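In what follows, chains are A, B, ... by sequence order, proteins preceding strands, each numbered from 1. Not measured: the values here are computed from a predicted model.
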Amino acid sequence: MKKKKIAVLLSFILILALFATGCGNNQSAPEGDSGPGTPTDKKDVLIVGQGADAVSLDPHATNDQPSSRISKQIYETLVTQNEEMELQPALAESWEPIDDLTFEFKLKQGVKFHNGEPFTSKDVKFTLLRGLDSPHIGHIVGSIDPNSIEIIDDYTIRISTKDPFAPLLAHLAHTATAILNEKAVTEFGDDYGQHPVGTGPYKFDSWVNGDRVELVRFDDYHGKAPAIGKVIFRNIPENTNRTIELETGGIDIAYEIPPTDVSRVESNPDLVLQRNMNLSTTYLGFNCNKEHFKDVRVRQAINYAVNMEAIVKSVYKGVGAPSKGPLGPNVWASNQNLTPYEFNVEKAKKLMAEAGYADGFKTNIWTNDNQQRMDIAEIVQNQLKAINIDAEVKVVEWGAFLDGTTAGEHDIFILGWVTVTGDPDYGLYPLFHSSQHGAGGNRSFYVNEKVDALLDQGRTSVDPAVREKAYIEVQQIIKDEAPWVFTWSGEDLAGVRSNVKGFKQHPAGHHKVYTVYFE
Amino acid sequence: MHKYIFRRLLMLIPVIIGVTFIIFTMMYFTPGDPAKIMLGESAPHTEVAKLREELGLNDPFFVQFGRYVKNAVIHQDIGRSYATKRPVLEMIITRFPSTLKLAALGVLVAVLIGIPTGIISATKQYSLFDNIAMVIALLGVSMPNFWQGLMGILIFSVYLGWLPSSGFNTPAHWILPALTIGTSTAAIITRMTRSSMLEVIRQDYIRTARSKGQVESKVIIRHALKNALIPIITVVGLQFGYLLGGAVLTESIFAVPGVGRLMVDSIKARDFPVVQGGVLFIAITFSFVNLIVDILYAFVDPRIRSQYK
């Protein structure tokens, strides 16, 4: 009897374990994902590792990078930008401006959605109107006038903006404007984000929440069919582990290789490290509304007093590059010929004395809990002591950071920006136009009428030469007036197994994997 | 016994209400606006306002809490994630099997290592085996899980190439995470088994059993272990309960899509409905594990069983 009871106890534990191991998703490992060193005759599965799971595959429900990277394979936009950020036709075969406000697009015929529905101009109108309603992508489509989207016929559509808006095409190339199918969206309702339907080379297959998203080749794709039948996006949050998975063959491509693993990937003969400058920039901004920073000489003095090149090299460990201006090098019309402020403490002291602050002053540097930004803040705090500025570093929670800098509570702040469209309007207008103070993006509260006028000209002129001239001048003024200390231009690092060919990183971070093949 | 179980289940109701209210209040007053966090630094103010309205964040605390309770009670709906728009219950249920699997395997490893080691250590107190086992147990308790996990990956995945380093979809993937959790839990169980056994084997009835000429193995298993089991079951139950709440570090290191990581990600993103649902789920699971442990006491000890009647 007693033996029986102990047996019951032990059985209970075992049954519980067996039950646990038996339930859940019994998905077998896909080909090529059955552990390290597993030989496969013909590899037809590409496995990509990224640092987070997708949030939603509805392009209007989110704007995060992991989701966009997957959406890029499922959906297509009217126009697209290649890896050199040049505009190319996609679902629109051609386009022409009708007037200052309107573009007419001729759509590609014979295109099918993954649910078999034909692609027509009705889908474009539906998508744009739905996007305009979404709080997540308003900054991408917000310039479009919802009342002036005009269907000419099934394959011709006119899109107008509320005001002249030259960068419209660059905005329409963003993954957030991917064209959706009305029937699919209506059918799945709130659950559409887990049942995406696009016109792209891969269609959605399955999603193990928190673990992986699987896509399969869409056989009716209108363009060149991808060479690989199945793509799996795995969520591997630990940076080191992503690199190990790449080394051991568990994945074929690893995004976001951490700076500490660069030499490991570079020295491994089975791996290739791809390094490409992206569209992000990090900067140290001054609140120009604050007494001390109203004086341009103080802002310039800090630019001279901070050895930003050395700071960036030590903080980012050789990844990315010190910024040369407010725009990254991949952004069109980026002025990379600006003469940087040299590290010159004497000159800084002289400017401080001229401004009446020879004895310095007390200030604060706001940052969120991003490790690199906190490191930068501490080094800057230390270097500012040389010109008698006593800076307190305030590490503020992200939501509170955005609230505080919107309200102008900060003195100096560290923040980043990604010019996702690759157009200088997106990277300059919100950050420096006086109409954008606070929540609009101009947290420096910088005002310069000439800059406003040039940014307006760049936004409204359809002549690229006029735009380029305006933006080059804006960047020169910003450098001279120093509302920022230019800090860091970001770089994307991807590790790729050497048998993986045809992969190239996109500066916007939405890399195509449908061009990839195995050698 | 049935009455006892029923009473315990009834007690879940105030637990659920209390936990719901506390977690709702805590999340409400946590700094950080979910809308701002979701939309990021480049979102215009108008879009943040639009999203706040859409998520119902502009309503007063009691309106929001009332709506939550009403939907939960009447429609059995604990909301949708702010970020993914998925039903919270579905998100938790899809993640739970991985957590349950990890916890069960971890506890299984721990029990298989911990109880026999503890018994041998107690019966051969101060022997070489006992000393070595206790040093290893001390190391096991002291070693952080993430370090142990990373070392496991380094040895078995990188150098030996025997096991995959991350993921959780085949038995080969389960081994390293289960060992990581199991070995640290085993250390606790070993120490508890040893001390509990040491207490029991000095009792008079053990001496009586031996003096009757009972075989030593029977004395240990039938008389000593059985009486020492109550604190061991308590520790195993507690550990299992904790692990069901998600072994966040182990889940992160091995990319296991479990409840723990879901919770941490949701807290960071201020995804209130998922955090509320997750905490509620963990509280209920923990209560159930406690109930099972209490029932197990009755199986092991007739004195306790008689109290339940």
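Heavy-atom pairs under 4.5 Å with chain B were tallied for A:T406, A:D133, A:L431, A:V420; the largest tally goes to A:D133. Options A:Y192, A:W207, A:F401 differ in how many heavy-atom pairs under 4.5 Å they form with chain B, and the most are formed by A:W207. Highest contact tally toward chain B, considering only A:D58, A:D211, A:D64, is held by A:D211 [criterion: heavy-atom pairs under 4.5 Å]. Of the listed residues A:S134, A:A52, A:P237, A:S56, the one with more heavy-atom pairs under 4.5 angstrom with chain B than any other is A:P237.
Within 6.0 Å of NZ in A:K162 there are more than 12 heavy atoms belonging to other residues, nucleotides or ligands.
Here the side chains of B:R86 and A:N209 are in contact, with some heavy-atom distance below 4.5 Å.
For B:T180, the side chain to side chain donor-acceptor pair (under 3.5 Å) criterion is met by no residue, not counting sequence neighbours.
The distance from the CZ atom of B:R270 to the CD atom of A:E397 is 4.5 Å, given to the nearest 0.5 Å. Put simply, CD1 on B:I253 and CD1 on A:I236 are 13.5 Å apart, with the number rounded to the nearest 0.5 Å. Annotation: the span from A:H136 atom NE2 to B:K50 atom NZ amounts to 10.0 Å, rounded to 0.5 Å.
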Assess the residue pair B:R261 and A:N235 against the criterion (side-chain contact (heavy atoms from CB on, under 4.5 Å)); give the C-alpha distance rounded to whole Å, side-chain angles, the decisive distance to 0.1 Å, and a yes or no.
CA-CA 12 Å; B:R261 248 177 61 208; A:N235 168 26; 2.6 Å; yes
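Considering B:S165, B:P164, B:S166 as possible partners of A:I244, the one that fulfils the side-chain contact (heavy atoms from CB on, under 4.5 Å) test is B:S165.
Proximity to chain A (any heavy atom under 4.5 Å) is restricted, for B:E54, to the side chain, taken from C-beta onward. Only the backbone of A:I137 comes within contact range of chain B, judged by heavy atoms closer than 4.5 Å. For B:P171, no part sits under 4.5 Å from any heavy atom of chain A, backbone or side chain. Heavy atoms closer than 4.5 Å to chain A are found in the backbone of B:F254, but not in its side chain.
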Cut-off 3.5 Å, no hydrogens considered: what does the side-chain donor-acceptor table look like for residues 144-155 of chain B, sequence neighbours left out?
residue : atom : partner : partner atom : Å
B:N145  : OD1  : B:S184  : OG           : 3.2
B:Q148  : NE2  : B:T183  : OG1          : 2.3

